[in-house]
Every structure is written in structure tokens, then in C-alpha cells.
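None of these values were measured; they are calculated from a predicted model. Computed from heavy atoms alone, side chains included, the values below leave out hydrogens, waters and symmetry copies.
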Amino acid sequence: MRKLLKIYKPFTHAGVLLAAQYRVNFVFFVLGDILMCFINFFLWKAVFNSGGAETFMGFSQTDMVVYIFVSFLTSTLAYSDGAYAVGEEIRDGNIAMRMIKPIRFDLAFLFQELGERTISLMLAFLPLVCGVEIYKFAVTGALAFNPLNFVLYLLSLVLSYLINFYFNVCFGYSAFVLKNLWGSNFLKDVLVGFMSGNIIPLNFMPSAVGTVLGFLPFASLTYTPVMIYLGMFDAPTIALRFGLQLFWLAFFFVLQQLIWNASVKRMSVQGG
């Protein structure tokens with residue numbers, strides 16, 4: 001482990017510098033997502049007010065507000081740009097330079113992204129968690145913070161990021177065939193955002209659809225961590241969800257290695 005960190009630590013440092021270099025872009029990106037959170041907040045507030053009921057599909061209005069903002073936090077911290085980054089390196093030929101270095105292609109990207117996520121963690125995590133808990137206290141009049149659920153949420157968030165990273169790396173390898181991933185990557189992000197519960201909680205969907213989506217890898221990206229944070233999963237369900245996260249992480253880790261081994265044998269690039 002020490003040797004691994006020694007080799008790939010410079011990539012983490014480079015990721016921090018890269019995120020800091022484009023900090024204005026990052027701030028505007030976050031502000032845009034926060035604006036979308038508030039749009040969703042007012043949308044769901046109108047839904048609850050028009051319905052007249054205290055709960056909707058098992059969610060109170062407070063639960064829904066927490067879901068909106070925690071899902072934003074989760075998707076921000078678990079975000080991976082691996083598909084675009086890998087696709088660009090294949091398109092412009094820079095991947096050839098990486099292949100001649102004594103490093104693993106996926107780990108180099110992973111440690112670089114961890115550096116970038118460090119900036120997101122410092123800027124977004126504490127303010128949003130504190131804001132959510134203050135909101136819950138203001139509405140309910142009681143401190144509702146659950147340390148156990150929070151720790152389990154953090155563990156699930158780590159697995160969520162790793163699943164998302166290796167899934168995106170697998171998708172990025174499709175550039176060996178497609179050459180340019182701009183359009184397909186945009187479509188992928190939209191579909192994953194919907195199927196992960198980032199837009200609508202999966203239990204709001206028809207029972208059969210929600211059940212199927214719950215077992216797909218995308219539910220592990222946002223829906224599972226957020227529902228754990230809200231305390232809406234019982235112990236057996238949490239164990240099942242962690243099992244699914246570990247399964248999908250292992251699946252995409254192995255899959256990306258198989259795709260890589262097969263693809264480099266027939267690689268052709270447009271640049272470099």
C-alpha cells in the first residue's frame with residue numbers, strides 16, 4: 001500500500017492543482033447545481049401544498065427537502081469525469097504516452113480524480129451537511145442527526161464514487177470504437193441521473209420499475225447513500241444495499257480490466 005501511494009500520490013497532487021486552477025469554473029458549476037436544487041425544492045413544495053397531505057409516497061416535506069440537497073451533495077462528491085477524460089485521451093492520442101509508463105491506466109485517473117474530489121469535499125460537504133441538519137432542527141424543533149446513519153452514509157458514498165468511476169472508465173473505453181464520446185456521454189449522464197434516483201426517488205416509481213432499478217448499479221450511486229442518510233432503510237435492507245454496491249464495484253473493476261486488455265490490442269487513435 002505504501003508503495004502504491006508513493007507511485008500515485010503525484011497524480012492526486014496534480015488533481016488538486018487542476019481543480020484549484022479552474023476554481024471559478026467549479027464555483028459556477030456548483031452554483032448552477034444549487035440553483036437546480038432550489039428549483040426542485042419549490043417544485044416539491046408545490047406538490048405537497050397542492051396535495052394537502054403531510055406525506056407523499058412515504059416522504060414528509062422535510063424528508064423531501066433533505067433528499068434533494070443530500071442527493072445533490074452525493075452526486076457532486078461521487079461525480080466522475082472518467083468517461084470524458086478517457087475518451088479524450090483516446091481521441092487525441094495521449095493514451096499512447098500513458099501506455100509506455102510503468103503505471104496502471106485506471107489507477108492514474110483514479111488518484112487524479114481523488115485530488116479533484118478533495119476540493120469538492122472541502123467546499124461543499126460541511127456547509128451542506130450543516131445546512132441540512134439546521135433545517136431539520138428548525139422544522140422539527142429537535143436534533144435529528146443520527147451518527148450511525150451518517151457513518152454508514154459515508155461508507156456508501158465511498159463505494160458510490162468507486163462504482164461511478166469504474167463504470168465511467170468502462171464507458172470511456174468505448175472511444176476505442178466510437179472515437180468521440182461527446183454525444184453519447186451526454187445521453188449517458190441523463191439516463192444515469194434518472195435511474196440513480198438523483199431526479200426522482202426510486203420508490204416514487206411504479207413498484208416493478210422501482211424494484212428493477214433498485215438492483216441496477218445506478219441506484220448505488222445516489223439513491224442508496226441518500227436513503228441511508230435519511231434513515232429510511234432498516235438493517236437488512238442496508239446490508240443488502242451494501243452487498244449490491246460491493247458486487248457492482250467488483251463487476252465494473254473486472255469489466256474495465258477485461259475491456260482494456262481487449263482494446264489495447266486493436267487500438268487506433270486519431271491524433272498523437
Checklist entry - Does a side-chain heavy-atom distance below 4.5 Å link L114 with Y161? => result yes
Checklist outcome for this item: Applied to residues 130-148, the salt bridge (charged side-chain N to carboxylate O under 4.0 Å, His left out) test, sequence neighbours excluded, yields E133-K136
Next on the checklist: Evaluate M232 against F59 for side chain to side chain contact (heavy atoms under 4.5 Å, CB included), listing each step before the verdict.
Outcome noted: CA-CA 9 Å; M232 291 192 171; F59 278 65; 3.7 Å; yes
Item to check | Any residue meeting side chain to side chain donor-acceptor pair (under 3.5 Å) with N168, in chain and number order, not counting sequence neighbours | outcome: N164, K188
Checklist outcome for this item: Across all chains, not counting sequence neighbours, the side chain to side chain contact (heavy atoms under 4.5 Å, CB included) partners of V139 are T62, Y135
Next on the checklist: Please find the pair of heavy atoms, one from G197 and one from Y223, that lie closest to each other, and give the distance.
Outcome noted: CA-CB, 4.5 Å
Item to check | Side chain proximity check, L154 to V158, heavy atoms < 4.5 angstrom | outcome: no
Item to check | Within one Ile-Leu-Val-Met-Phe-Trp-Tyr cluster: V66 and I39, side-chain cutoff 4.5 Å | outcome: no
Checklist entry - Do the rings of F204 and W44 sit parallel, tilted or perpendicular, given the 30° and 60° boundaries? => result perpendicular
Item to check | F72-F42 co-clustered via ILVMFWY side chain contacts under 4.5 Å | outcome: yes
Next on the checklist: So, using ring pair (Phe, Tyr, Trp, His ring centres under 6.0 Å) as the criterion, who are the partners of F137 when residues are at least two apart?
Outcome noted: none
Next on the checklist: Please determine whether residues L128 and F38 belong to a single hydrophobic cluster, defined as Ile, Leu, Val, Met, Phe, Trp and Tyr linked transitively by side-chain heavy-atom distances below 4.5 Å.
Outcome noted: yes
Checklist entry - Do L202 and V192 sit in the same hydrophobic cluster, where Ile, Leu, Val, Met, Phe, Trp and Tyr count as joined when their side-chain heavy atoms come under 4.5 Å apart? => result yes
Item to check | Results of side chain to side chain contact (heavy atoms under 4.5 Å, CB included) for N146 - residues two or more places apart only | outcome: L148, N149
Checklist entry - Honestly curious: do W248 and Y79 fall in one hydrophobic cluster under the side-chain, below-4.5 Å linking rule? => result no
Next on the checklist: How close do S80 and E113 get, counting heavy atoms only, and between which atoms?
Outcome noted: OG-OE1, 3.0 Å
Next on the checklist: Once side chain to side chain donor-acceptor pair (under 3.5 Å) is applied, what residue pairs with a partner in residues 193-207 remain, sequence neighbours excluded?
Outcome noted: none
Item to check | Those residues that, when tested against L77, pass side chain to side chain contact (heavy atoms under 4.5 Å, CB included) (two or more places apart) | outcome: L73, S120, L121, F125, L157
Item to check | Derivation and outcome, side chain to side chain contact (heavy atoms under 4.5 Å, CB included), residues F41 and V65 | outcome: CA-CA 6 Å; F41 166 74; V65 171; 3.4 Å; yes
Checklist entry - Residues in ring pair (Phe, Tyr, Trp, His ring centres under 6.0 Å) with F247, at least two apart? => result none
Item to check | Set of residues satisfying side chain to side chain contact (heavy atoms under 4.5 Å, CB included) with respect to V226, sequence neighbours excluded | outcome: Y67, V70, S71, T74, T222, L230
Item to check | Beyond-backbone contact of M205 with F194, side-chain heavy atoms, under 4.5 angstrom | outcome: yes
Checklist entry - Does P217 reach the side chain of M195, with side-chain heavy atoms less than 4.5 Å apart? => result no
Next on the checklist: Y229: which residues meet the ring pair (Phe, Tyr, Trp, His ring centres under 6.0 Å) condition with it, sequence neighbours left out?
Outcome noted: Y153
Item to check | Minimal non-hydrogen separation, A219 against G214, with atom names | outcome: CB-O, 3.7 Å
Next on the checklist: So L152 and F242, do their side chains get closer than 4.5 Å, heavy atoms only?
Outcome noted: yes
Checklist outcome for this item: By ring pair (Phe, Tyr, Trp, His ring centres under 6.0 Å), F253 pairs with (sequence neighbours left out) Y166
Checklist outcome for this item: By side chain to side chain donor-acceptor pair (under 3.5 Å), T237 pairs with (sequence neighbours left out) D234
Item to check | Note, L221 side chain near F167 side chain (heavy atom, < 4.5 Å) | outcome: no
Checklist entry - Taking the side chain as C-beta and beyond, is there a heavy-atom pair between L107 and L110 under 4.5 Å? => result yes
